[in-house]
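What follows is a set of notes on a single structure, which appears directly below.
Below, read A as the first sequence line, B as the second, and so on, with proteins coming before strands; counting in each chain starts at 1. FYI, side chains are in, hydrogens and waters are out, and symmetry mates aren't considered; it's all heavy atoms of this structure.
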2 protein chains.
Amino acid sequence: MTEVRTRAIPEATVARLAVYLRVLTGLAEAGRGSVSSGELASAAGVNPAGLRKDLSYLGPCGVRGVGYAVPALRERLARALGVEQARSCVLVGMGNLGSALAGYAGFGTRGFTFVGLLDADPARVGDVVGGTAVRPVEDLEEVVAAHGVTIAVVTTPATVAQSVCDRLVAAGVRSIVNFAPVALAVPAGVDVRQVDLSVELQVLAFLDQQKGVDVVPHRMSEQVALP
Amino acid sequence: MTEVRTRAIPEATVARLAVYLRVLTGLAEAGRGSVSSGELASAAGVNPAGLRKDLSYLGPCGVRGVGYAVPALRERLARALGVEQARSCVLVGMGNLGSALAGYAGFGTRGFTFVGLLDADPARVGDVVGGTAVRPVEDLEEVVAAHGVTIAVVTTPATVAQSVCDRLVAAGVRSIVNFAPVALAVPAGVDVRQVDLSVELQVLAFLDQQKGVDVVPHRMSEQVALP
DNA sequence: TAATGTGAAAGTGTTCACAGCA
DNA sequence: TGCTGTGAACACTTTCACATTA
């Protein structure tokens with residue numbers, strides 16, 4: 001009845017709301033009762049006006065002239081992002097990256113539960129990561145069906161990512177985060193978010209190399225590296 | 001003299017150029033001599049027209065009516081991205097995520113060399129990852145200075161990320177990729193790219209939950225999971 | 001003729017400035 | 001008075017359609 005019609009939140013905003021939620025959780029644990037958009041924006045690494053616009057998609061959240069009530073805003077964001085309901089996920093590929101993700105405690109407090117950690121390597125099967133035992137990748141379909149999983153994380157080598165993806169989709173998964181450096185082909189109705197860690201470094205390097213060429217030749221305070 | 005004035009390549013384009021370069025390397029190794037924008041775009045997971053526009057920032061690269069010569073285009077992209085010159089990087093925080101990045105062989109072929117892998121945990125010091133031995137974090141300043149490092153990757157716990165960042169900047173680093181879930185404060189002239197793995201999952205989950213609410217109620221072909 | 005290269009249009013996201021309200 | 005909420009301007013990206021050329 002008091003259900004607010006949260007209309008069409010832009011994807012870029014959703015990503016930032018997740019960051020605000022994390023910052024607010026930290027503030028709440030520190031006992032803070034309220035924050036201004038300026039302080040919250042600074043802690044989240046964004047522009048204050050942009051933050052206020054982001055929050056405005058949820059309707060009025062704050063008190064003019066004062067700021068935002070930390071616990072109330074936190075709950076509002078949690079609800080908007082759907083953190084309240086537990087989500088069952090599977091993760092395929094328990095190498096270093098998969099282990100890092102599975103072991104990240106932050107997921108548990110945000111509604112995510114890894115009900116299946118899968119790997120093709122028998123040597124890794126049975127390892128316990130973040131409280132869950134690694135199972136053979138053969139169990140994929142069984143785990144997905146048993147828990148009604150709709151979200152999967154792929155951290156396998158690139159060579160097998162597509163076949164793993166096909167099996168996930170066939171089993172009923174509709175949303176996939178892919179860390180393998182290949183573009184996954186999926187049928188309509190299935191979402192893939194591609195995350196490419198090496199591209200981040202490459203973009204940074206590009207911007208870095210441009211620094212000297214940009215404006216004035218270069219500053220004296222910067223030492224030249226090569227002999 | 002034949003230096004082409006590559007003017008103002010958008011950041012979004014730079015990120016995709018890195019992906020194209022990876023795909024082209026695969027095609028070159030498979031012995032392919034040429035590709036069309038359609039095939040390249042499909043392998044990279046983008047729109048063909050967008051790919052052509054991306055490449056157009058480097059000037060004409062292809063042959064009308066035919067396509068692109070794989071080796072020539074590959075070299076062109078490599079030069080534009082600055083892959084040719086070797087870049088010295090340091091990585092701080094050799095947990096699972098740091099180990100995953102340090103062990104990724106793809107960096108070596110793209111001009112990146114990790115000249116320093118640093119960790120605060122004495123138990124990890126001395127481990128060899130990707131051919132490089134882990135050193136104590138106390139050596140940070142020494143490594144940065146010795147190799148003229150300007151690029152760093154931070155994969156430490158969130159609690160120490162800012163202090164590590166401060167030390168990196170003081171030592172001369174100008175570009176940082178930060179995987180710790182905190183916004184880093186840096187002086188002007190220093191670039192930070194924030195990568196937040198948990199946010200990716202959160203955005204995906206948000207879109208996933210919206211699927212049922214979107215357009216028509218839902219399709220018959222999709223099974224409902226919960227009992 | 002079959003593909004590239006590219007203006008122009010549409011869409012999306014960000015920033016600004018200020019009205020509105022405790 | 002101070003900070004939120006937001007329309008309007010701006011900047012950036014993507015998409016489309018088609019002229020262009022080997």
Side-chain angles (χ1 to χ4, degrees), chain A residues 4-20 24 27 32-70 72-74 76-77 80 183 194 199 203 206-207, chain B residues 4-20 24 27 32-70 72-74 76-77 80 183 194 199 203 206-207:
Chain A
V4 188
R5 277 258 151 267
T6 77
R7 265 296 135 236
I9 306 180
E11 198 169 307
T13 292
V14 173
R16 285 186 299 258
L17 292 180
V19 176
Y20 306 154
L24 284 166
L27 289 173
R32 286 289 300 276
S34 71
V35 261
S36 67
S37 65
E39 185 180 355
L40 191 50
S42 156
V46 302
N47 177 301
L51 178 139
R52 294 199 300 274
K53 173 144 283 211
D54 284 339
L55 294 180
S56 78
Y57 288 103
L58 310 177
C61 297
V63 184
R64 290 173 195 244
V66 180
Y68 300 92
V70 171
L73 184 56
R74 190 164 100 87
R76 189 109 176 228
L77 286 179
Q194 178 70 31
V199 166
V203 172
F206 178 85
L207 299 174
Chain B
V4 188
R5 278 257 152 266
T6 75
R7 268 292 138 238
I9 306 180
E11 198 169 307
T13 291
V14 173
R16 284 186 300 258
L17 292 181
V19 176
Y20 306 154
L24 284 166
L27 289 173
R32 285 287 302 274
S34 72
V35 261
S36 66
S37 64
E39 184 180 356
L40 192 50
S42 156
V46 302
N47 176 301
L51 178 139
R52 294 199 300 273
K53 172 143 284 210
D54 284 339
L55 294 181
S56 78
Y57 288 103
L58 311 178
C61 298
V63 184
R64 291 173 194 246
V66 179
Y68 301 91
V70 171
L73 184 56
R74 190 164 100 88
R76 190 109 176 228
L77 287 180
Q194 178 71 31
V199 165
V203 172
F206 178 84
L207 298 174

A:Tyr68 side chain N/O closer than 4.0 Å to the phosphate oxygens (OP1, OP2) of C:dA22? no

For B:Glu11 and D:dA11, what is the distance between atoms CD and C1' respectively, to the nearest whole Å? 14 Å

Starting at atom CG of A:Asp54, determine the distance to atom P of D:dT6, rounded to an integer number of angstrom. 13 Å

Is the phosphate of C:dG13, meaning OP1 or OP2, less than 4.0 Å from a side-chain N or O of A:Tyr57? no

Round to a whole Å and report the spacing from CD1 of A:Ile9 to C1' of C:dG13. 15 Å

Spatial distance of atom OH (B:Tyr20) from atom CG (B:Leu51) [nearest 0.5 Å]: 4.0 Å

Does B:Ser36 put a side-chain nitrogen or oxygen below 4.0 Å from OP1 or OP2 of C:dA3? no

Give the minimum heavy-atom separation between A:Ser42 and B:Ala183, together with the two atoms involved. O-CB, 4.4 Å

In Å, rounded to the nearest 0.5 Å, how long is the span from CG of B:Leu73 to CG of B:Leu24? 5.0 Å

In whole angstroms, how far is the P atom of D:dT13 from the CG atom of B:Leu17? 13 Å

Short side-chain N/O contact from A:Ser37 to OP1 or OP2 of D:dC3, under 4.0 Å: no

Can you tell me how far P of D:dA8 sits from NZ of A:Lys53, to the nearest Å? 10 Å

Separation of A:Leu55 atom CG from D:dC3 atom C1', in whole Å? 13 Å

So which heavy atom on A:Ile9 is nearest to which on A:Leu58, and how close? CD1-CD2, 3.8 Å

State whether the distance check finds a donor on one side and an acceptor on the other, under 3.5 Å, for side chain B:Arg64 versus base D:dT20. yes

Give, for atom CG of A:Leu40 and atom OG of A:Ser34, the distance between the pair rounded to the nearest 0.5 Å. 11.0 Å

Nearest to side-chain heavy atoms of A:Arg52, which nucleotide of D:dT13, C:dT14, D:dT6: D:dT6

By nearest-heavy-atom nucleotide on DNA chain C, the more 5' of A:Thr13 and B:Val66 is B:Val66

Of C:dG5, D:dG5, C:dG13, the nucleotide closest to the side chain of A:Pro10 is C:dG13

Taking only the side-chain heavy atoms of B:Ala49 (C-beta and beyond), determine which of D:dC16, D:dG5, D:dT13 contains the nearest atom. D:dC16

Side-chain N or O of B:Arg16 closer than 4.0 Å to phosphate OP1/OP2 of D:dT14: yes

